[in-house]
*Asks:* 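One structure, as structure tokens, below. Some questions next.
Note that the coordinates shown come from a computational prediction; the quantities given were computed from them, not determined experimentally.
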Amino acid sequence: MKKIIQFVKESYAELKKVVWPGRDDVVSSVKVVLVSTVIIAAVLGFIDFLLLLGIRAIF
């Protein structure tokens with residue numbers, strides 16, 4: 001039980017040292033992720049469409 005208590009205390013102490021990102025950093029990161037996701041989805045959708053046309057042309 002002592003090891004568990006020690007672990008919790010050390011974990012709490014380490015969390016105090018963390019520099020958490022500000023709101024502006026989080027918002028800009030979310031924007032980057034959303035834009036990247038949309039672009040990659042569009043590219044993959046276009047590739048899928050091309051492959052579908054190719055398969056329909058063959059069969």
*Asks:* What's in the same ILVMFWY side-chain cluster as Ile40, cut-off under 4.5 Å, chained through other members?
*Replies:*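 Traced through the cluster, Ile40 reaches Leu44.
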*Asks:* Residues sharing Ile55's hydrophobic cluster, by side-chain heavy-atom contacts under 4.5 Å among ILVMFWY, directly or via others?
*Replies:*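 Result for Ile55 is Ile58, Phe59.
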*Asks:* Report yes if some heavy atom in the side chain of Leu15 is under 4.5 Å from a heavy atom in the side chain of Trp20; otherwise report no.
*Replies:*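 Leu15 vs Trp20: side chains touch.
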*Asks:* Run through the side-chain heavy atoms of Ile, Leu, Val, Met, Phe, Trp and Tyr, join any pair under 4.5 Å, and report what else lands in Leu34's cluster.
*Replies:*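 Grouped by the 4.5 Å side-chain rule, Val26, Val30 form the rest of the cluster around Leu34.
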*Asks:* What distance separates Ile47 CD1 from Leu52 CG, expressed to the nearest 0.5 Å?
*Replies:*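 The CD1 atom of Ile47 sits 13.5 Å away from the CG atom of Leu52.
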*Asks:* I'd like to check the side-chain hydrogen bond (donor to acceptor under 3.5 Å, both in side chains) partners of Lys17; sequence neighbours left out, ordered by chain and number.
*Replies:*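 Checked Lys17 against side-chain hydrogen bond (donor to acceptor under 3.5 Å, both in side chains); matches are Glu14.
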*Asks:* Members other than Val32 in its cluster, when Ile, Leu, Val, Met, Phe, Trp, Tyr link by side-chain heavy atoms under 4.5 Å?
*Replies:*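 Besides Val32, the hydrophobic cluster comprises nothing; the residue is isolated.
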*Asks:* Per the side-chain hydrogen bond (donor to acceptor under 3.5 Å, both in side chains) rule, what does the pair list look like for residues 3-13, sequence neighbours excluded?
*Replies:*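 Listed by first then second residue: Gln6-Glu10.
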